[in-house]
Amino acid sequence: MAKQKNTQKAMSFLDHLEELRWLLIRISVFVLGGGIVAFFFRDFIFNQVIFGPKNSDFVTYQFFCKIAQYFNFDDSFCQQELPFEIQNRTMDGQFSVMMWTCITAGFIIAVPFILWEIWKFISPALYTKEKKYAKLFIVVSSFLFFLGVLFGYYVITPLSINFLVNLQVSDVVKNDIDINSYIGLVKTTSLACGLIFELPIIMYFLSVLGLVTPQFLREYRKYAIVLILILAAIITPPDVISQIIVSIPLLILYEISIYISKFVQKKPKTEVLAPNHKD
């Protein structure tokens with residue numbers, strides 16, 4: 001009898017591995033499909049999106065220029081031209097950049113489909129009433145991810161580029177930036193912010209599992225603020241204004257996470273802790 005139970009558990013574990021394998025395959029197909037779509041729009045993606053923050057007339061620079069002029073701050077955002085050029089240093093450099101950029105764009109395009117696949121994968125472990133929130137989960141998660149990507153692209157990326165290209169150790173040194181370095185900054189910053197903006201969703205699932213409570217989040221709020229300021233200092237130029245601009249949305253997300261955890265805690269115990277075996 002014991003052997004039979006062990007066999008059933010082993011088969012169940014292997015079944016889960018098989019489901020996980022197919023999940024990864026489907027996600028790869030979605031990313032590849034998104035990459036193919038991005039390939040046909042590569043001129044727009046590179047000229048208007050990727051290299052947009054290189055131009056001094058980029059919307060973010062214009063906005064901060066007006067703010068700086070109004071408050072008599074540093075007017076480094078009001079330059080006629082950013083002092084750097086982008087160059088390719090390897091034979092297959094541009095081809096490699098084009099392929100990986102299309103794949104990255106494909107991932108961003110495919111995020112709602114990826115989230116749907118992840119939801120289907122974890123749904124058997126959820127409760128009946130929680131399964132009804134599938135559409136809400138997809139919409140909110142996708143919205144937060146895209147919002148984070150836009151925040152990274154329109155705020156952090158221009159701030160970083162403006163600071164780094166204007167930082168000079170000597171007038172002898174000219175900024176001829178490798179294309180991989182430039183695009184790596186744009187992609188990494190945008191994707192990292194997209195993932196960071198998923199904090200409320202992560203806190204929801206941690207609260208459902210009982211690993212996080214609103215009391216815990218309130219008690220450690222001061223430590224969270226310090227960590228957010230450190231994170232803002234890492235991903236932004238070393239100036240106070242940039243750090244404040246980045247810290248504010250992160251602090252808002254943390255406060256939202258507290259209310260989400262509080263909402264989960266208020267749900268009846270039978271909804272959160274007791275599965276429905278009739279599914």
Side-chain angles (χ1 to χ4, degrees), residues 38 42-105 108 148-196 226-250:
R42 61 188 181 278
D43 290 339
F44 172 81
I45 291 175
F46 278 99
N47 295 326
Q48 303 299 322
V49 179
I50 297 293
F51 295 127
K54 180 186 180 300
N55 302 318
S56 59
D57 60 350
F58 189 63
V59 60
T60 304
Y61 300 136
Q62 297 298 315
F63 174 78
F64 282 112
C65 177
K66 293 179 181 179
I67 296 294
Q69 290 176 341
Y70 183 82
F71 291 101
N72 293 321
F73 290 154
D74 177 23
D75 61 351
S76 62
F77 290 101
C78 303
Q79 301 174 90
Q80 294 296 321
E81 184 178 359
L82 293 175
F84 77 106
E85 295 293 334
I86 298 176
Q87 60 178 323
N88 173 52
R89 297 180 179 178
T90 59
M91 186 66 70
D92 64 338
Q94 295 197 51
F95 176 79
S96 177
V97 162
M98 180 178 65
M99 290 294 99
W100 282 109
T101 300
C102 288
I103 291 175
T104 303
I108 295 174
V149 170
L150 291 175
F151 180 78
Y153 175 74
Y154 280 105
V155 179
I156 298 183
T157 296
L159 288 175
S160 300
I161 291 175
N162 184 75
F163 170 78
L164 293 173
V165 300
N166 283 290
L167 179 65
Q168 281 188 304
V169 296
S170 171
D171 293 336
V172 176
V173 182
K174 295 183 179 180
N175 288 324
D176 291 329
I177 310 300
D178 184 76
I179 188 171
N180 287 288
S181 177
Y182 174 84
I183 294 182
L185 172 66
V186 177
K187 291 193 299 184
T188 302
T189 302
S190 301
L191 287 177
C193 288
L195 296 176
I196 290 173
V226 173
L227 289 175
I228 288 173
L229 291 175
I230 293 174
L231 178 62
I234 293 174
I235 63 179
T236 61
D239 66 88
V240 177
I241 296 177
S242 299
Q243 293 172 11
I244 292 175
I245 292 172
V246 174
S247 298
I248 289 175
L250 297 180

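This one's a predicted model, so the numbers in the text were calculated from it and none came from an experiment.
Counting non-hydrogen atoms of other residues, nucleotides and ligands closer than 6.0 Å to CD of Gln94 gives a total of 12 or fewer.
Using a 4.5 Å cut-off on side-chain heavy atoms (C-beta onward), Phe84 and Ile161 make contact. Thr90 is listed as a side-chain neighbour of Asn88, based on a closest heavy-atom distance under 4.5 Å. Two residues are said to be in side-chain contact when any heavy atoms from C-beta on lie closer than 4.5 Å; Tyr153 and Thr189 fail this criterion. Side-chain contact check for Thr60 versus Val155: every heavy-atom pair is 4.5 Å or farther apart.
With values rounded to the nearest 0.5 angstrom, Leu229 atom CG is found 9.5 Å from Leu250 atom CG. Atom CZ of Arg89 and atom CG of Asn180 lie 10.0 Å apart (nearest 0.5 Å). Atom-to-atom distance recorded for Ile108:CD1 and Leu191:CG is 5.0 Å, nearest 0.5 angstrom. One distance of note links CD1 of Ile86 with OH of Tyr182; it measures 5.0 Å at 0.5 Å rounding.
A donor-acceptor distance shorter than 3.5 angstrom exists from the side chain of Asn166 to the backbone of Asn162, with no hydrogens or angles considered. Remark: the backbone N or O of Asp92 is not paired with any side-chain donor or acceptor of Ser96 at under 3.5 angstrom. Judged by distance alone, with hydrogens and angles left aside, the side-chain atoms of Asn55 form no donor-acceptor pair with the main-chain N or O of Asp57 at under 3.5 Å. Looking only at distances, a side-chain donor or acceptor of Thr157 sits under 3.5 Å from a matching main-chain atom of Gly152.
Classified by interplanar angle (parallel below 30°, tilted 30° to 60°, perpendicular above 60°), the ring pair Tyr154/Phe58 is parallel.
Smallest separation of non-hydrogen atoms from Phe151 and Pro249: CZ-CG, 3.5 Å.
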